[in-house]
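To find a chain, count down the sequence lines: A is the first, B the second, and so on, and within it residues start at 1. These values consider heavy atoms only, across backbone and side chains, with no hydrogens, waters or symmetry-generated copies. Keep in mind the model is a prediction, meaning the values are calculated, not measured.
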There are 2 protein chains.
Amino acid sequence: MVQYTAARLDASFGALADATRRGVLEQLERADASITQLADAFEMTLTGMKKHVGILEAAGLVITEKVGRVRTCRLGRRGLAEEAAWIERRRRLWEARFDALDEVVEELTRKEKARGRRKR
Amino acid sequence: MVQYTAARLDASFGALADATRRGVLEQLERADASITQLADAFEMTLTGMKKHVGILEAAGLVITEKVGRVRTCRLGRRGLAEEAAWIERRRRLWEARFDALDEVVEELTRKEKARGRRKR
DNA sequence: GTTATAGTGAACCAGATGGTTCAGTATACG
DNA sequence: CGTATACTGAACCATCTGGTTCACTATAAC
């Protein structure tokens, strides 16, 4: 699952659109953790935290493994490559667009000044 | 508004978690557009599209200006800098974490092989 | 074998989301 | 002036979200 780009971006941006889930990811950067540990860290019920982990897992950002009665969560190896690529693409194109706009503004300003010199 | 990081990331990742809204951004990369044009392009009611634009605007990704009866939408200058930074940070830290893990695995593999040589 | 721990699943809740329709208002056009 | 266009706002709808509680299962620990 989480394979076609549009659905994948829906899932992962959706997963990132929540401060608790972003916090969980940052937590897992430091160390793998059980559901209980995460629930404690974010002052939430086990059930609530399990839902968050489920969303992160469905988005492919986290993987979990249950050993005995403990489910350990760790960062998914897939990471955020696709998301980063999408955003970077936007940034590059937007900047190009803004630069073009800036030129127009500059041009107008130059003409305005020239007109000012002539008229005033 | 859209100023403090956590709330800003909530808003912008939330805005990006929808294919229509991502599509609108890509559309605006090519040219500014009115609500009507966007609604047509995405086969949606005016009202529906206005809501999407509202969400993008609240996230600071789009700015709009109404002249006469037409509201023109364009890309917001703020762009996706903060979002890109957050994601890139994650990527760098995750890679470091995976590299560390890889070393452990490699170490174990090496030991395993050495043991194999001795015993077999 | 009893008890404590870790997680799971179902059901519920209030509020958000993604859409619609319908009834306006404001502006442009002839 | 009268009509068409472009948007706006309110209300409604089904579904999803983020959270809870409660009842249950599976595993550890004594």
Side-chain angles (χ1 to χ4, degrees), chain A residues 1-2 6-28 31-74 76, chain B residues 1-2 4 6-28 31-74:
Chain A
M1 69 213 67
V2 188
R8 159 126 177 102
L9 292 180
D10 281 3
S12 49
F13 282 135
L16 296 180
D18 179 280
T20 300
R21 287 191 293 264
R22 289 195 304 274
V24 167
L25 291 179
E26 294 176 19
Q27 187 76 28
L28 294 181
D32 297 347
S34 69
I35 307 271
T36 298
Q37 287 169 338
L38 292 173
D40 287 352
F42 292 88
E43 290 175 317
M44 185 176 300
T45 58
L46 260 189
T47 312
M49 181 50 73
K50 217 200 56 157
K51 280 196 187 179
H52 281 303
V53 169
I55 291 171
L56 289 167
E57 200 173 8
L61 300 175
V62 158
I63 57 182
T64 73
E65 187 193 8
K66 191 164 182 178
V67 174
R69 35 179 194 179
V70 177
R71 179 173 296 278
T72 299
C73 310
R74 52 179 59 88
Chain B
M1 67 210 72
V2 188
Y4 306 116
R8 159 127 179 102
L9 292 181
D10 281 2
S12 48
F13 283 135
L16 296 181
D18 178 281
T20 300
R21 286 192 293 264
R22 289 195 303 274
V24 167
L25 292 179
E26 293 176 18
Q27 186 75 28
L28 295 181
D32 297 349
S34 69
I35 307 273
T36 297
Q37 287 170 338
L38 292 173
D40 287 351
F42 292 88
E43 290 174 318
M44 185 177 297
T45 57
L46 261 188
T47 313
M49 181 51 73
K50 218 200 57 159
K51 279 195 189 180
H52 281 304
V53 169
I55 290 170
L56 288 167
E57 199 172 8
L61 300 176
V62 159
I63 57 180
T64 72
E65 186 194 7
K66 190 164 183 178
V67 174
R69 25 174 204 183
V70 177
R71 177 173 297 278
T72 299
C73 310
R74 52 180 59 88

Over its full length, what angle do the end axes of the helix from C:dG1-D:dC30 to C:dG30-D:dC1 make, each axis taken from five pairs and the result rounded to 10 degrees? 20°
Gap separating the CE atom of A:M49 from the CZ atom of A:R21, nearest 0.5 angstrom: 10.0 Å
Tell me whether the side-chain N/O atoms of A:K50 come closer than 4.0 Å to OP1 or OP2 in C:dA6. no
How many Å lie between CZ on A:F42 and C1' on D:dG18, as a whole number? 15 Å
Nearest-Å distance, CD (B:E43) to C1' (C:dT20)? 16 Å
Looking at A:K66 and C:dG7, is any side-chain donor or acceptor paired with a base atom of the opposite kind under 3.5 Å? no
Short side-chain to backbone donor-acceptor contact, A:R8 and A:A59, under 3.5 Å: yes
What is the minimum heavy-atom distance between A:C73 and A:I35, and which atoms define it? SG-CD1, 4.0 Å
Categorize A:G68 for me: base, sugar-phosphate, or nothing, with a 4.0 angstrom heavy-atom threshold over every strand shown. sugar-phosphate
Sugar-phosphate only, base, or nothing, as touched by B:T47 at under 4.0 Å among non-hydrogen atoms: base
A:Q27 side, atom CD; A:T20 side, atom OG1 - distance, nearest 0.5 Å: 12.0 Å
Hey, could you give me the CG/CD distance between B:D32 and B:Q37, rounded to the nearest 0.5 Å? 9.5 Å
How long is the line joining CZ of A:R69 and C1' of D:dT25, in whole Å? 12 Å
A:D40 CG - C:dG7 C1' separation (whole Å): 13 Å
Distance check, rounded to the nearest 0.5 Å: A:L46 atom CG versus A:R71 atom CZ? 12.0 Å
For a 4.5 angstrom cut-off between non-hydrogen side-chain atoms, does B:L25 reach B:L56? yes
How many Å lie between CE on A:M49 and P on D:dT20, as a whole number? 10 Å
Does a distance-only test, which skips hydrogens and angles, find a donor-acceptor pair under 3.5 Å between the side chain of B:T20 and the base of C:dG18? no
Short side-chain N/O contact to D:dT17 OP1/OP2 from A:H52, under 4.0 Å: no
Testing D:dC22, C:dT20, C:dG7 for proximity to the side chain of A:T36, the answer is C:dG7
Of A:V67 and A:R21, whose nearest nucleotide on DNA chain D comes first from the 5' end? A:R21
Which comes earlier along DNA chain D counting from the 5' end, the contact point of B:I35 or that of A:M44, where each point is its nearest nucleotide? B:I35
Whole Å only: how far is the CG atom of B:L46 from the P atom of D:dA10? 17 Å
Would you say B:T45 reaches C:dT20's phosphate, i.e. side-chain N/O to OP1/OP2 under 4.0 Å? yes
Go through D:dG19, C:dC22, C:dA10 for me and flag the one nearest to the A:K51 side chain. D:dG19
To the nearest angstrom, the CG-P distance between A:L56 and D:dG18 comes to 10 Å
Would you mind reading off the distance between B:D10 atom CG and D:dT17 atom P, rounded to a whole angstrom? 15 Å
What's the spacing between A:L16 CG and B:L16 CG if we round to 0.5 Å? 9.5 Å
